[in-house]
Amino acid sequence: MKEKTVSEAIAYRRSVRVFDDKKSIDTEKVKKCIENATLAATSSNMQLWEFHHITDHHILEKMKPICLDQNAAKTAKQLVVVVVRKDLWRQRRNENIKFLKTSYGNKKYSEYNKREKFAFNYYKKIIPTIYTDFLGILGMIKYIGFNIVGMFKPMYRQVRKSDMRIVAHKSAGLAAQNFMISMAAIGYDTCPMEGSDTLRIKKILKLPLGTEINMVLGCGIRSENGIYGPQFRIPFEQVYKHL
């Protein structure tokens, strides 16, 4: 099968509710699509995500009731759980610093140019300032302080604990879309599911308390009646604003 173009894959992608029981999908091809997911844009290149690729029959069976017995879960050949790992921000920050040192030639700090020093300071100073919090208290203090400064000049204001959760979930959502488009390009189907018992999913996947489930993606080949109806979108003129 010829791989679809980006536009063709976007048009082909639908949220498939019922997958064909007689048609299987290749685990390695799905894994490759997950690799494409990791190439998605991500805030500050922090990559605060994980992708749990479920192919084991017993785990798939356990996931069905946890996904509230949705048909997309009950008929899926495989599942991909997109997990937000905001709890790993220190580790991912350090990985970025390590990458920068290698990219810039492992020089002494004094030998770095202005742009290179800015990159290091971003991860060493700004990232900890934004991500460090304690029971939401520090985040609120930062929010008030940043907004006071913002009265006099443009200022980043999304510094509360809830704001950083949104940032991490946005990045995870971008990665999930990369995955779904990649799947569509090779003729595979997906269904993003938000309806699930996320606490039980975390227990099955043995995830730490600080993790969050972004979505569960059912994977397979659409059945004849797998799409419940024609695609509806609000008229483009209502959502497109040209300034």
Side-chain angles (χ1 to χ4, degrees), residues 1-41 49-85 169 171-207 211-234:
M1 180 186 296
K2 181 183 177 181
E3 189 166 317
K4 298 173 179 62
T5 65
V6 173
S7 294
E8 290 170 341
I10 291 172
Y12 180 81
R13 189 217 64 81
R14 296 291 305 277
S15 294
V16 173
R17 310 296 177 176
V18 182
F19 298 102
D20 194 321
D21 186 55
K22 297 181 177 63
K23 295 180 180 178
S24 61
I25 54 177
D26 187 289
T27 298
E28 287 302 313
K29 289 183 178 179
V30 176
K31 182 180 178 181
K32 177 60 182 176
C33 291
I34 296 175
E35 288 184 33
N36 289 343
T38 67
L39 300 178
W49 52 42
E50 284 179 349
F51 306 89
H52 292 250
H53 184 189
I54 303 174
T55 61
D56 183 273
H57 174 73
H58 298 292
I59 301 178
L60 289 172
E61 287 296 316
K62 289 181 181 179
M63 289 290 290
K64 291 178 182 180
I66 291 175
C67 290
L68 310 181
D69 286 319
Q70 295 181 67
N71 286 330
K74 290 195 294 184
T75 62
K77 293 295 184 180
Q78 300 179 22
L79 293 174
V80 173
V81 184
V82 183
V83 180
V84 172
R85 295 303 308 263
H169 277 275
S171 290
L174 290 170
Q177 184 70 0
N178 258 29
F179 171 72
M180 289 187 283
I181 297 303
S182 296
M183 290 281 279
I186 60 174
Y188 285 2
D189 292 296
T190 55
C191 183
M193 294 176 281
E194 289 187 295
S196 63
D197 186 328
T198 56
L199 179 61
R200 283 184 165 84
I201 292 176
K202 287 165 68 171
K203 287 180 178 179
I204 285 180
L205 301 181
K206 297 181 174 59
L207 293 169
T211 61
E212 295 188 25
I213 306 301
N214 179 260
M215 69 178 75
V216 180
L217 292 146
C219 307
I221 303 293
R222 65 185 68 179
S223 70
E224 186 177 346
N225 299 313
I227 298 173
Y228 286 173
Q231 189 175 60
F232 167 71
R233 288 294 182 269
I234 298 297

Can you give me the closest heavy-atom contact between [X] and [Y], atom names plus distance?
X    : Y    : answer
E50  : R85  : OE2-NH1, 2.9 Å
A41  : L174 : O-CD1, 3.5 Å
C191 : R17  : SG-NH1, 3.5 Å
D197 : R200 : OD2-NH1, 2.6 Å
V16  : A72  : O-CB, 3.8 Å
S196 : I201 : OG-CD1, 3.5 Å

Can you tell which of D189, D20, T190 makes a side-chain hydrogen bond (donor to acceptor under 3.5 Å, both in side chains) with R222? D189
[X] versus [Y]: any side-chain heavy-atom pair under 4.5 Å?
X    : Y    : answer
C219 : F179 : yes
W49  : V83  : no
T198 : E212 : no
M180 : M183 : no
Y188 : I221 : yes

If only atom types and distance count, is the side chain of S223 paired as donor or acceptor with the main-chain N or O of V18 below 3.5 Å? yes
Calculate, to the nearest 0.5 Å, the distance between atoms [atom1] and [atom2] belonging to [X] and [Y] respectively.
X    : Y    : atom1 : atom2 : answer
L217 : M193 : CG    : CE    : 7.0 Å
L199 : L207 : CG    : CG    : 10.5 Å
M63  : L79  : CE    : CG    : 5.5 Å
K74  : E61  : NZ    : CD    : 11.0 Å
H169 : I213 : NE2   : CD1   : 9.0 Å
L205 : T211 : CG    : OG1   : 8.5 Å

Show every donor-acceptor pair shorter than 3.5 Å between a side-chain atom in residues 29-39 and any protein atom, with sequence neighbours excluded, or say none if there are none.
| residue | atom | partner | partner atom | Å |
| --- | --- | --- | --- | --- |
| N36 | ND2 | S182 | OG | 3.1 |
| T38 | OG1 | E35 | O | 2.6 |

Take V81 and F51, measure what side-chain contact (heavy atoms from CB on, under 4.5 Å) needs, and give me the verdict at the end. CA-CA 6 Å; V81 184; F51 306 89; over 6 Å; no
Count the heavy atoms of every other residue, nucleotide or ligand shown that sit under 6.0 Å from CD of Q231, and state whether that count exceeds 12. yes
Applying salt bridge (Lys or Arg N to Asp or Glu O under 4.0 Å), name anything that partners D56, two or more places apart in sequence or on another chain. none
Presence of salt bridge, K77 and D21, under 4.0 angstrom: yes
